[in-house]
Amino acid sequence: MNGEEIATAAAKAVGGLSEGFMSDPATYAHGAEQGYKGIDFYFVGRAGVLGDVDADVVAAALVFFNPDVVHKAWASSAAVLPRLEAAAAWAACGARWADRHLGDDLDWARLDELAAKVVDEASPSGAPIFAGLRRLAVPSDPKQAALHRCNCLRELRMARHGAAVIATGLDVADAVRHRSPHMLGIYGWEDRPVDPGFAERWEEAERLTNVASARDYEVLDDAEAEDFVKLADAALAAVSKARS
């Protein structure tokens with residue numbers, strides 16, 4: 001497989017592996033214990049790796065959220081923990097989730113090894129949250145480490161996708177309306193129909209995302225690529241089972 005083929009084959013798994021801990025009530029219960037309100041922990045958890053930057057910088061990095069929502073969450077979370085500490089606390093929730101929900105019947109060490117190869121070699125250009133996240137300490141436990149590095153790949157793909165959506169001239173709010181209409185309230189956009197031709201242009205944005213991601217995955221040889229896609233899909237199945 002070439003880089004684009006790997007990116008295409010792994011897209012669903014890379015996008016979904018982190019959703020288990022990100023949607024887990026225990027994650028937000030921990031955030032509430034720290035002093036965060038609502039889903040503020042989500043925003044500071046993801047973007048805290050940027051440091052104590054202006055909210056416009058956070059909105060730019062998160063791409064698909066209404067900037068007003070980002071500004072409110074960033075301001076209301078400022079006094080709870082320093083930003084980098086919040087990011088570390090968010091990552092620790094992922095590690096605990098992996099301990100509680102992921103079994104030992106998958107070669108997590110191999111998945112981590114292959115994900116690490118991509119993460120370590122990928123260019124951070126245009127991917128600020130990825131760049132910050134990969135600087136956090138990596139857990140020593142294979143399951144925790146694999147989930148952490150796959151979360152890095154999720155942030156990397158998200159950045160590539162955001163750039164692709166913008167490059168095709170699509171409105172980021174319409175992207176949410178098309179892809180995740182059930183999440184409109186969280187993203188801060190109103191519900192309204194998208195243009196009839198949106199789906200076709202969305203597919204072009206998906207294609208460009210995989211083109212942009214190709215270089216990230218070209219570090220894997222054929223055997224590594226086959227292992228990575230197989231293990232990532234198996235990990236996604238494990239995450240889906242844990243969430244059901």
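Across Val239 and Gly16, no two heavy atoms sit closer than the pair CG1-O, 4.1 Å. Counting all heavy atoms, side chain and backbone alike, Ala131 lies closest to Pro124 at CB-CB, 3.8 Å. Contact detail for Trp189 and Ala173: the closest heavy-atom pair is CD2-CB, 3.4 Å. Taking each heavy atom of Gln144 and Asp141 in turn, the nearest pair found is N-OD2, 3.1 Å. Contact detail for Asn210 and Ala11: the closest heavy-atom pair is OD1-CB, 4.5 Å. Residues Ala205 and Leu170 approach most closely at CB-CD1, 4.3 Å, considering heavy atoms.
At a threshold of 4.5 Å between non-hydrogen side-chain atoms, the residues Asp40 and Lys72 do not count as touching.
In this view, His30 satisfies the ring pair (Phe, Tyr, Trp, His ring centres under 6.0 Å) rule with no residue, not counting sequence neighbours. By the side-chain hydrogen bond (donor to acceptor under 3.5 Å, both in side chains) test, Asp68 pairs with no residue at all, sequence neighbours left out. Glu200 is linked by a side-chain hydrogen bond (donor to acceptor under 3.5 Å, both in side chains) to nothing, counting only residues two or more places apart in sequence or in another chain. Considering only residues two or more places apart in sequence or on other chains, Ser180 meets the side-chain hydrogen bond (donor to acceptor under 3.5 Å, both in side chains) condition with none of them. Every ring pair (Phe, Tyr, Trp, His ring centres under 6.0 Å) that Phe64 has, sequence neighbours left out, goes to His161. With sequence neighbours excluded, the residues satisfying side chain to side chain contact (heavy atoms under 4.5 Å, CB included) with Ala127 are Phe130, Leu156, Ala159, Arg160. Take His178 and apply the ring pair (Phe, Tyr, Trp, His ring centres under 6.0 Å) test, not counting sequence neighbours, and it matches Phe198, Trp202. Among residues two or more places apart in sequence or in another chain, the side chain to side chain contact (heavy atoms under 4.5 Å, CB included) test is passed with Ser23 by Arg243. Taking Tyr28 as the reference, nothing meets the ring pair (Phe, Tyr, Trp, His ring centres under 6.0 Å) condition, with sequence neighbours excluded. Remark: Arg135 engages no residue in a side-chain hydrogen bond (donor to acceptor under 3.5 Å, both in side chains) (not counting sequence neighbours). For the side chain to side chain contact (heavy atoms under 4.5 Å, CB included) test, residues two or more places apart in sequence or in another chain that qualify with Leu106 are Trp108, Leu231, Ala234, Ala235.
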> Does the pair Tyr36 and Leu81 meet the rule for a side-chain contact (heavy atoms from CB on, under 4.5 Å), with working shown?
Replying inline: CA-CA 9 Å; Tyr36 292 106; Leu81 287 173; 3.4 Å; yes

>> Go through it in stages, so that I can follow the logic: the residues are Arg201 and Val165, the test is side-chain contact (heavy atoms from CB on, under 4.5 Å), and I'd like the CA-CA distance, side-chain angles, deciding distance and then a yes or no.
In response: CA-CA 9 Å; Arg201 294 168 70 192; Val165 167; over 6 Å; no

>> If you apply the rule side-chain contact (heavy atoms from CB on, under 4.5 Å), what do you find for Ser77 with Arg83, and how did you get there?
In response: CA-CA 9 Å; Ser77 63; Arg83 302 303 190 183; 2.9 Å; yes

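A distance of 7.0 Å separates CD of Glu218 from CG of Asn2, quoted to the nearest 0.5 Å. Asp222 CG to Asp227 CG: the interatomic distance, rounded to the nearest 0.5 Å, is 11.0 Å. To the nearest 0.5 Å, atom OG of residue Ser213 and atom CG of residue Leu208 are 10.5 Å apart. The OG atom of Ser18 sits 11.5 Å away from the CE atom of Met158 when rounded to the nearest 0.5 Å. Note: Leu111 CG to Leu17 CG = 7.0 Å, rounded to the nearest 0.5 Å. Residue Leu102 holds its CG atom at 11.5 Å from CZ of Phe21, rounded to the nearest 0.5 Å.
In the hydrophobic clustering of this structure, Leu147 does not group with Val138; members are Ile, Leu, Val, Met, Phe, Trp, Tyr whose side-chain heavy atoms approach within less than 4.5 Å, directly or through other members. Clustering ILVMFWY residues whenever any of their side-chain heavy atoms sit less than 4.5 angstrom apart, transitively, puts Val44 in the very cluster that holds Val69. Leu136 and Leu153 fall within a single hydrophobic cluster, where Ile, Leu, Val, Met, Phe, Trp and Tyr side chains are chained together by heavy-atom contacts under 4.5 Å. If you chain together hydrophobic residues whose side chains sit under 4.5 Å apart, Tyr187 and Val58 fall into the same group. By the rule that hydrophobic residues join a cluster once side-chain heavy atoms approach within less than 4.5 Å of another member, Val219 and Val211 end up as members of separate clusters.
For residues 224-244, the pairs satisfying ring pair (Phe, Tyr, Trp, His ring centres under 6.0 Å) are Tyr217-Phe228, with sequence neighbours left out.
Heavy-atom neighbours of Lys117 NZ from other residues, nucleotides or ligands within 6.0 Å: above the threshold of 12. Within a 6.0 Å radius of CD in Glu5, other residues, nucleotides and ligands contribute more than 12 heavy atoms. The environment of Arg215 atom CZ is sparse: at most 12 non-hydrogen atoms of other residues, nucleotides or ligands sit within 6.0 angstrom.
For Asp104 and Lys143, the salt-bridge test passes: some basic side-chain N is under 4.0 Å from an acidic carboxylate O. Under the 4.0 Å criterion applied to side-chain N and carboxylate O atoms, Glu155 and Arg134 are not assigned as salt-bridge partners.
At least one donor-acceptor pair closer than 3.5 Å links the side chain of Arg154 to the backbone N or O of Gly15.
Arg96 and Thr27 are not linked by any side-chain donor-acceptor pair at a separation below 3.5 angstrom, with hydrogens and angles left out of the test.
Screening Leu50, Val119, Asn151 for a side chain to side chain contact (heavy atoms under 4.5 Å, CB included) involving Leu133 leaves a single residue, Asn151.
Aromatic ring centroids of Trp74 and Phe43 lie 6.0 Å or more apart.
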